[in-house]
Amino acid sequence: MRLSRAFLPTLKETPAEAQIASHRLMLRAGMVRQTSAGIYAWLPLGWRVLQRVEQIVREEQDAAGAQEILMPTIQTADLWRQSGRYDAYGPEMLRIRDRHEREMLFGPTNEEMVTDIFRTYAKSYRDLPRNLYHIQWKFRDEIRPRFGVMRGREFLMKDAYSFDLDHAGAVRSYRQMFVAYLRTFARMGLKAIPMQADTGPIGGNLSHEFLILAETGESQVFLHRDLLDFDVLSQSVDYDGDLSPIVDFWTSRYAATDEKHDEAAWAAIPEAERVSARGIEIGHIFHFGTKYSAPMGLQVSGPDGKMVVPEMGSYGIGVSRLVGAIIEANHDETGIRWPEAVAPFKVAVLNLKVGDAATNAMAETLYRAFDPDAVYDDRDDRAGVKFADADLMGYPWQAIIGPRGAAAGKVELKRRATGERVELSLEDAVARIK
Ligand code: ATP
Ligand code: MG
Ligand code: MG
Ligand code: MG
């Protein structure tokens with residue numbers, strides 16, 4: 001993308017309403033625009049990152065055996081009356097009436113709808129197990145939307161729903177999602193820790209929240225220090241095999257949010273091994289048995305011909321919240337430092353003298369080598385502006401080309417994460433970035 005033609009509306013001033021770094025930086029970098037309280041438009045840079053995050057989530061869900069669908073945002077109140085949640089959900093639910101006075105709502109989650117879809121088709125034990133997920137906008141009328149996309153009212157969530165014949169199967173499905181979550185967040189460069197969690201309004205008895213540590217997090221968390229050094233991605237995973245060793249490994253150390261915190265277990269951990277910190281919830285997995293399948297009449301015939309009520313679980317990831325969370329974990333005073341896996345563009349080519357023939361030629365060549373994963377700063381602007389914008393927007397690499405370097409056939413490469421700089425030939429620069 002050529003910056004001379006791009007819609008990247010950066011802000012010079014720090015917006016007063018933004019209380020935390022990620023919100024400030026997303027506004028300054030022109031990633032999002034708040035259109036009303038807790039509701040955001042995603043501008044080109046932000047939209048690219050959101051899609052990259054979404055794609056990692058999708059790949060890991062698919063790898064774990066979940067199948068993607070797309071359910072609507074608008075639901076009928078009838079379904080929620082069947083589960084008994086229509087009245088229980090309270091003011092966080094945005095309730096709507098259509099022209100025929102039918103009660104509708106903007107979905108805050110989809111347990112009822114997916115159970116309705118599944119009960120229509122699933123007839124026998126052969127239709128199980130299944131795991132269906134979608135990545136769709138949700139609405140929760142949060143009392144205090146804040147921190148930008150971290151606590152929005154409209155937000156993008158991946159929610160998966162598993163259906164199993166019995167408890168052992170449900171635990172297997174739960175473990176598949178547990179492991180998929182570890183991999184998903186690790187691929188984004190995040191250290192997400194699974195922690196024992198409350199099941200809240202969804203109910204049930206087996207639940208983990210995945211959190212990253214951050215001073216601005218809204219949850220208080222307690223964990224064993226070892227968890228911060230556990231590795232995820234070096235291990236290959238067989239989702240059809242026994243996943244209990246991985247889950248047991250991760251649950252072998254204490255980790256809990258304040259709702260589940262157990263002072264006695266905590267006191268038993270040597271003080272030097274305890275970490276008590278703030279955390280951001282980026283994912284949450286629940287097993288809730290027949291909480292929805294039973295009242296909604298989902299039944300299949302079992303192997304012996306008797307009817308069985310499937311056990312279910314649900315598994316959420318805050319896709320749009322993750323964009324903010326990744327910035328919280330990867331920034332400095334000058335701007336964002338995107339991990340490569342989610343960066344909007346891999347490299348920014350900074351032309352320091354637009355119009356100089358040798359500089360233009362070299363910059364064009366480098367830009368074309370990485371397009372569409374490159375931005376080309378071909379604006380007629382001062383070098384200082386280009387450096388500041390590239391630092392703010394946080395591209396992993398900056399390729400800086402000026403007339404002196406171009407004459408000598410040299411590019412200056414800067415790694416955003418470390419600030420490290422090297423001068424290389426064009427060819428070596430391309431190889432280094434790749
Ligand atoms: P929170 O405790 O932050 O209110 P939650 O426990 O209500 O979140 P879940 O019902 O577990 O949320 O939804 C799954 C995921 O959706 C959460 O782990 C979080 O990442 C994301 N999420 C929930 N509410 C919001 C929101 N208002 N804005 C952005 N993401 C959200
Ligand atoms: Mg909530
Ligand atoms: Mg929560
Ligand atoms: Mg939750």
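Since the model is a prediction, treat every value here as computed from it, not as a measurement. For ligands, and for the atoms within them, numbers begin at 1 and follow the listed sequence.
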| Within reach of ligand 1, part of R321 (heavy-atom separation under 4.0 Å) | side chain
| task | Tell me yes or no: between the side chains of R274 and Y254, is some donor less than 3.5 Å from an acceptor? | result | no
| task | For the residue pair F286 and F288, categorise the inter-ring angle as parallel (less than 30°), tilted (30 to 60°) or perpendicular (more than 60°). | result | tilted
| said: Is there a polar contact, in the sense of an N or O pair closer than 3.5 Å, between H284 and ligand 1? | reply: yes
| I317 N/O to ligand 1 N/O under 3.5 Å | no
| said: Please list, in number order, the atoms of ligand 1 under 4.0 Å from a heavy atom of M157. | reply: 13 (O), 14 (C), 16 (O)
| message | Within the 3.5 Å criterion, strictly below it, is a donor on Q55 or Q51 matched to an acceptor on the partner's side chain? | response | no
| query | Which is closest to atom 9 (P) of ligand 1 in terms of heavy atoms, R140, R151, E209? | reply | R140
| Is a side-chain N or O of R151 found less than 3.5 angstrom from the main chain of E142, in a donor-acceptor match? | no
| query | With a cut-off of 4.0 Å, which atoms of ligand 1 are near a heavy atom of E142? | reply | 24 (N), 26 (C), 27 (N)
| request: Indicate the ring-plane relationship of W137 and W42, choosing parallel, tilted or perpendicular according to the 30° and 60° boundaries. | output: tilted
| query | Does R415 pair with E340 as a salt bridge, N-O distance under 4.0 Å? | reply | yes
| Residue E281, metal the Mg ion (ligand 3), N/O/S under 2.8 Å | yes
| message | So, regarding G152 and ligand 1 (criterion: nitrogen or oxygen to nitrogen or oxygen, under 3.5 Å), is there a contact or not? | response | yes
| F155 N/O to ligand 1 N/O under 3.5 Å | no
| Any heavy atom of M150 sitting closer than 4.0 Å to ligand 1? | yes
| field | Any donor-acceptor N or O pair under 3.5 Å, side chains N110, Y133 | value | no
| Counting each atom of ligand 1 from 1 as listed, which ones have a heavy atom of V149 under 4.0 Å away? | 29 (C)
| message | Can you give me the closest heavy-atom contact between H284 and A197, atom names plus distance? | response | NE2-CB, 4.1 Å
